[in-house]
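Read through the structure below, which is laid out as structure tokens, and then see the notes.
All chains are named by letter (A, B, ...) in the order of the sequence lines, taking the proteins before the strands, and each is independently numbered beginning at 1.
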Amino acid sequence: MQYRHYNTLNALLLLSLCFLAPVWSSNSQSAVQNGGGSAHTNNWAVLVCASRYWFNYRHMANALGMYRTVKRLGIPDSNIILMLADDAACNSRNRYPGCVFANQGRHLDLYGDNIEVDYRGYEVTVENFLRVLTGRMDPSVPRSKRLLTDDRSNIFVYMTGHGGNEFLKFQDNEEISAFDIADAFEQMWQKKRYNEIFFMIDTCQANTMYSKFYSPNVLATGSSQIHENSYSYENDNDIGVAVIDSYTHYVLEFMEGINKTSQTTMQDLFNSYDVDKIRSHPGVRMDLFHRDIRHALVTDFFGGVAQVEVLPQLSTEEPIWSHNASMASPVVPAIDLFPLTKGNITEEVQDVELTGDKTAVPHPFALELMAAVQNSTSQRETNYRTVRAWASAALLVALVGWVCSRGK
Amino acid sequence: MDHSSRPLVDPAKPFFESNHTRRSIIASYWLVVLLAVPLWWTTTSIDRLSLPTSRVLAQQDKQLVFPVHVCLSTQESSLAGPTATLARVVQQLLDAEREMQERSGVHIHTDLDCDRDVYEVEVLSGTNQPTIEGKRLRFEIDETQVMSAMRLTDTLLTLLAPYVTLRSNNHQTERVLKYAPRYRLALSLLNEDATSEHSIKAWDVQGHLSKHISPILDRLSVLHNFTVESQIQFHAPLAFEPVTLQGSGQEVHGLTQEHLTVFVNSAEWTLSSSVSNDPVIHFILFVPSAKHTPLHILDAAGQPVASSAFILPQWGGIVVHNPNSAISESTVLVPSELDLMFATFRHQLMTLLGVPELSKNIQSNQSLTDWQIDALLRRRAIENAQGSKDTLRSIVQLVRQIENMPVGHDVKDDVQGSLTALEQTYAAASSSLHASIERSKEAITLASRAFFNPGMLALLYFPAEHKYAVYTPLFGSIAAPLLAAVIRELMAWRRTRHGAQQAGSKDAKEKVD
């Protein structure tokens, strides 16, 4: 039903019989800046897989891969909120019951024997996600389902699922918009519920999801530009579906080269993005983040590296790549495009073909420019929308006039 | 039977084509639409009660300052004169340090009036270090007036205003836990490997808790409630391999500074139960396996340091215990060892809770003096007042900023209750510290409850485009015929009137002719 509903909306939007929304004001708070290193004393992670059903196996694997990584790097289970909208491990179609794999040869079981899923199945809703972030919970909600952060907490928020321009679909009946997340982060900032947030999202048009943020100390990255899809990485023939998404696969591969005391920085992570391999253009938004990402460590967000009374000395240089085998990307049919079905006549479809002509962009440098470019495109977008809105208003008047005149 | 009086129905002109009927039909449609508007409005609008914004904003500039009264007294008649002078000079010196006092939220006043329950400085002659007894400070002077006055000023400031960084956003403050009305202490005895010869199978945790920790907890019960839990684990492996050093004759294992940051193996150690939402303070007694014994902490240069304990800010404390195989074959910790460990835990607990350290040159027979407790209470009261102010401001600001955010009665009540408690905190500051801290606790609790009210969750954001897209299929299709009908009716009415006028003027013309 959601598809139909959304198709109607899209169709109507295209015709757009109505006036446009006023531009909302977003006056952000004055930021408290942290000079130098991160001033956090605890790490938290919120990992969300928002989609249901067996054919979305790869989204479960994405989230579980991140879960395994943050846990390996030292965030305790009590500080990880894992939301899985479906239970791929125990799905009756799973040939390997109780296991979730993220690669073709099924080398590593991500589900394992020590896993704590905090929100499962139909508990994964937009409302619950926002309640986790803002802390507006019923008093009876247990500790494991709460994000008990304070102003010394660094939070890693990872989301995956099917999305589109400024929305991410939850389950099969609702979606969260970029504005919802931006407002939730602002509420967290106001209540001093974080020191810094690292937001990562792997979905189609993922970069639109962080475009509305306005709270300070948020670093964000996404898998693909507006009007661009995120693709899955590979299939496993025995499991029968795609097992992981391309962007997440390469991020996880990068993370494999990191240990708890690694000095690898966020800049290194962003430099590792390869548009050719990922087959979409990952974006980074750093204008809200007040530290230099060349000094922000990956373990500031992915690890549980605490400070001890005596500050640790910076030394060992970690190798960035662990294994580089099997890079040749196989043919992968699955696409993270949200409304794939008929009747979807909006902008998504025209970009389904692979962006072969765009891959020439030198990615590490392009990343820094992306935010600026997005601003100018959004201005054009706004103008276009205004024109479209007035045109549709004129259409409505014309319709009324036509009905009147026909009566004579 | 007078059907002749009624005009015959003209079949060419149906009754519903009469102007009156047609217009009432159109009007009734419009009436239904217009009457439905208020219903639609009330069912789609969000309940947003007005918050006492001006009261909240009025609180923002207020600073909580505690007036502290210190009196000087002496038993020795020869010191009566010098004591009076001392009080005057100390007051002058303190006034010069006004800024520092303000940062710590105190305003110290010294005189010779000792009749009330105040901090008392008993001036004696001698050369001993100052000692503390309850609220009384024994201060011995023998040198010049100026020197003793400076020494006394310094002592008073370190005792009464120990937190110089309280109102600045300094990193040093981050080791102290956030204020919470309840804490859980989780004590864990972790054996790296219980099968090795050095493992510890039992400890007398209750006895030593009541001996070392409980007195502190009782003194702090004004501020916090504590729950204590303890456990022993027999397999708690490290997630890294300690470095090996060649010590004097034997192999020594070392924890580098980097190792300390990742010492807690959270993936494999289960350190506390998750029965409540209270913040947990962890205390770990770690017994390394035979393979890693002795295990020492290394300094930056790689040399073992004397201390075997460290704290993780806002998290807890860790003590590494290397069993001395020469002395004890037993698998139980002996009381003398435990005394040392629990003293370390006590020190760590006091550090984490923000109890100011007593400066080295002040003697006291208590582990926690009234001066320290009061300084901590003042600190927490100031933090709570600041926290409630900030929370209230952010509630008001967010409600203004996010238009979809509902504000119910309970939120409004909590905000008002918090404001009242906050005002009472300020009012009580000059008279009673305990009343002030109680009110500040209430203020922060109510403000947080208001902020975290589950009903305050903003409804999902729908871009205006979506709203129009939902409403247009409904209202667009109704509006077109309704508007068209009205316009046509108006035009028809104008035409008839025009026609009637023309006909009328024609008649008039004919009359003139």
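- A distance of 7.0 Å separates CD of A/E186 from CD1 of B/I402, quoted to the nearest 0.5 Å.
- Residue B/F475 places its CZ atom among more than 12 non-hydrogen atoms of other residues, nucleotides or ligands, all under 6.0 Å distant.
- For B/D278, the part sitting under 4.5 Å from any heavy atom of chain A is the backbone (N, CA, C, O) and nothing else.
- Looking at B/S448, both its backbone and its side chain come within 4.5 Å of chain A, counting heavy atoms on both sides.
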Do A/Q187 and B/S394 pass the side chain to side chain contact (heavy atoms under 4.5 Å, CB included) test, and can you show the C-alpha distance, the side-chain angles, and the key distance before you say yes or no?
CA-CA 8 Å; A/Q187 292 174 53; B/S394 51; over 6 Å; no
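- Nearest heavy atoms, B/S266 versus A/G74: OG-O, 3.2 Å.
- Across every non-hydrogen atom of B/P313 and A/T41, the tightest pair is O-CB, 3.8 Å.
- Other residues, nucleotides and ligands contribute more than 12 heavy atoms inside 6.0 Å of the CD atom of B/E229.
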May I have the step-by-step check of side chain to side chain contact (heavy atoms under 4.5 Å, CB included) for B/L177 and A/R152, ending in yes or no?
CA-CA 10 Å; B/L177 282 135; A/R152 296 287 175 204; over 6 Å; no
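- Put simply, of A/R146, A/R143, A/R131, the one with the most heavy-atom pairs under 4.5 Å next to chain B is A/R143.
- Only the side chain of B/A239 comes within contact range of chain A, with heavy atoms under 4.5 Å apart.
- Cation-pi geometry between A/R193 and B/F451 is not satisfied (NZ or CZ under 6.0 Å from the ring centre, within 45° of the ring normal).
- In this structure, NZ in A/K191 is found 3.5 Å from OG1 in B/T391, a value given to the nearest 0.5 Å.
- Other residues, nucleotides and ligands contribute only 12 or fewer heavy atoms inside 6.0 Å of the CD atom of B/E357.
- Within a 6.0 Å sphere centred on CZ of B/R449, other residues, nucleotides and ligands contribute 12 heavy atoms or fewer.
- Taking the side chain as every heavy atom from C-beta outward, A/V400 and B/I487 approach each other to under 4.5 Å.
- Closest non-hydrogen pair, B/K178 versus A/D150, comes out as CG-OD2, 3.8 Å.
- Distance check, rounded to the nearest 0.5 Å: CE of A/M137 to CG of B/N453 gives 13.5 Å.
- If you measure heavy-atom distances from A/N114 to chain B, the contacts under 4.5 Å come from the side chain alone.
- By number of non-hydrogen pairs under 4.5 angstrom with chain A, the leading residue of B/G476, B/S276, B/A480 is B/S276.
- B/L457 CG to A/N128 CG: the interatomic distance, rounded to the nearest 0.5 Å, is 9.5 Å.
- Across all their heavy atoms, B/V262 and A/K260 have their closest contact at CG1-CB, 3.5 Å.
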Determine, step by step, whether A/T261 and B/Q257 satisfy the side chain to side chain contact (heavy atoms under 4.5 Å, CB included) criterion, reporting the C-alpha distance in whole Å, the side-chain angles of both residues, the deciding distance to 0.1 Å, and the verdict.
CA-CA 10 Å; A/T261 52; B/Q257 300 290 312; over 6 Å; no
List the steps, then state whether side chain to side chain contact (heavy atoms under 4.5 Å, CB included) holds for A/N42 with B/Q314.
CA-CA 8 Å; A/N42 54 80; B/Q314 295 187 336; 4.2 Å; yes
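- The two atoms that bring A/V141 and B/N277 nearest to each other are O-ND2, 3.8 Å, heavy atoms only.
- For a residue to count as touching a neighbouring chain, one of its non-hydrogen atoms must lie under 4.5 Å from one of that chain's; by this rule A/S78 does not touch chain B.
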